[in-house]
Amino acid sequence: MRKFGPTRRAVVAGMLAAGATGQAAVGSGTPSLQALAAAKGRRFGAAVSAADLSDPRMRALLSAECDMLVCQTEMKWRHLRPNARDWRFGDADRIAAFAGRHGLGLRGHTLLWHHPDYTPEWLHRHDFGRRPIAAAETMLTDHIRMVAARYPQVASWDVVNEAVHHETGNLRDTPFARILGERTLHIAFYTARATAPGAQLVYNDYMNWGDHQEAHRRGVLRLLERFRRDSVPCDALGIQSHLKVLGGPNAGGELARRVKVWRAFLKEVTDLGYDLLVTEFDVSDEAAPGEPAVRDQLVAEVGRAFLDETLSTRRAGDVLAWGMVDPLSWLQGFTPRPDGLPQRPTLFDGDYRPKPLRAAVAAALAQAARYHRGVK
Ligand code: XIL
């Protein structure tokens with residue numbers, strides 16, 4: 001892997017100024033996203049895949065804009081554990097090493113993706129034997145100890161991801177839930193706290209501000225209330241923030257209404273004593289008209305409104321983008337546009353040029369409240 005010079009920021013700034021990477025990127029007088037975030041006590045980061053790091057343009061972009069990385073898939077059960085016995089740490093280790101070399105922090109995602117669709121196939125079929133409660137508890141705690149202990153530099157863990165069913169608000173059905181019930185989540189948080197006592201422990205989910213997400217929001221709130229009642233060591237709610245542009249003639253009024261709904265939800269969460277963070281920010285333009293410039297404006301408008309509201313409380317901390325350049329976004333495969341055009345959901349285009357969404361994120365970070373971790 002190519003080495004950056006004596007001071008990473010100086011080299012990157014020089015490369016960008018000289019156009020050595022062939023990218024326009026962001027002008028040299030423009031503050032980086034990490035600098036704008038740091039001015040208010042928070043960090044800006046991005047999700048990456050191990051393969052992304054072989055592109056020098058990506059390395060320069062991450063180094064310039066981010067002070068934190070998170071693995072897009074490499075720390076998940078499905079990636080780490082091809083079967084019940086073997087471990088595959090190579091890709092996560094590579095990302096962690098890159099972060100370490102470039103002075104970037106690391107978030108951990110995720111110790112338990114409590115969702116049947118993302119549970120490894122072998123785990124669905126696993127025979128927990130004659131003492132299933134003890135066996136399930138052992139498997140879960142062993143996993144969390146192993147992963148959390150391997151990456152002691154992780155300052156913030158998504159301990160549990162997506163445990164609440166978005167339609168019912170109830171706990172999702174997984175092999176662990178069938179045996180251990182909601183205690184699955186408690187075990188995950190207690191084990192994470194014991195293994196990584198200094199790390200921020202996060203419950204992460206994708207409830208947003210839409211009308212159809214009321215059940216999801218309620219379900220997450222009830223879960224967070226029960227965590228408090230049961231003294232579960234969960235510090236923060238991770239707001240994935242996979243947003244969508246709004247269609248329809250009254251999009252402006254609709255956006256204002258959503259902002260109000262969102263404000264009320266965030267207040268309920270922070271009143272319970274939780275911090276907030278934006279863990280997987282992107283804006284799908286699946287429903288927007290085809291013209292790229294129009295789509296880019298709509299994407300930026302929705303992203304700005306959401307971040308402005310979310311970052312207006314001093315309980316809101318770090319912000320992470322789920323991918324930095326459009327062609328590499330997971331949404332290209334997950335929700336392709338009906339017209340077949342590529343989505344434009346991230347901050348930079350395929351030539352690593354900043355888009356209006358990058359300016360929107362910069363403006364929201366600049367305007368945000370100062371973050372006070374754990375302070376009301
Ligand atoms: C996605 C990754 O981006 C994809 O590459 C992978 O195939 C599936 O998972 N919520 C999450 C993330 O918590 O882990 C998901 O990441 C996106 C939705």
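Keep in mind that the numbers below use all heavy atoms, side chains included, and drop hydrogens, waters and symmetry copies. We number each residue from 1, following the sequence as shown. Please read all numbers here as calculations on a predicted model, not as lab measurements. Counting starts at 1 for both ligands and their atoms, following the listed order.
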Peer 1: What short N/O contacts, under 3.5 Å, does ligand 1 make with the protein, listed by atom pair and distance?
Peer 2:
from     : atom 1 : to     : atom 2 : distance (Å)
ligand 1 : 3 (O)  : Gln72  : OE1    : 2.6
ligand 1 : 3 (O)  : Trp322 : NE1    : 2.9
ligand 1 : 9 (O)  : Lys76  : NZ     : 3.1
ligand 1 : 10 (N) : Glu162 : OE2    : 3.1
ligand 1 : 10 (N) : Gln240 : OE1    : 3.2
ligand 1 : 10 (N) : Glu280 : OE1    : 3.0
ligand 1 : 13 (O) : His109 : NE2    : 3.3
ligand 1 : 13 (O) : Asn161 : ND2    : 2.9
ligand 1 : 13 (O) : Gln240 : NE2    : 3.2
ligand 1 : 13 (O) : Glu280 : OE1    : 3.3
ligand 1 : 13 (O) : Glu280 : OE2    : 2.8
ligand 1 : 14 (O) : Lys76  : NZ     : 2.7
ligand 1 : 14 (O) : His109 : NE2    : 2.7
ligand 1 : 16 (O) : Lys76  : NZ     : 3.3
ligand 1 : 16 (O) : Trp322 : NE1    : 3.3

Peer 1: Among all residues two or more places apart in sequence or in another chain, which pass the salt bridge (charged side-chain N to carboxylate O under 4.0 Å, His left out) test with Lys260?
Peer 2: none

Peer 1: Cation over ring, Arg107 on Trp157, under 6.0 Å and within 45°?
Peer 2: no

Peer 1: Do other residues, nucleotides or ligands put more than 12 heavy atoms under 6.0 Å from Leu341 CG?
Peer 2: yes

Peer 1: With sequence neighbours excluded, tell me which residues meet side chain to side chain donor-acceptor pair (under 3.5 Å) with Asp282.
Peer 2: His242, Trp330

Peer 1: Please work out which of the three classes, parallel, tilted or perpendicular, describes the rings of Trp113 and His109, given edges at 30° and 60°.
Peer 2: tilted

Peer 1: Restricting to salt bridge (charged side-chain N to carboxylate O under 4.0 Å, His left out), what partner residues turn up for Arg172, sequence neighbours left out?
Peer 2: none

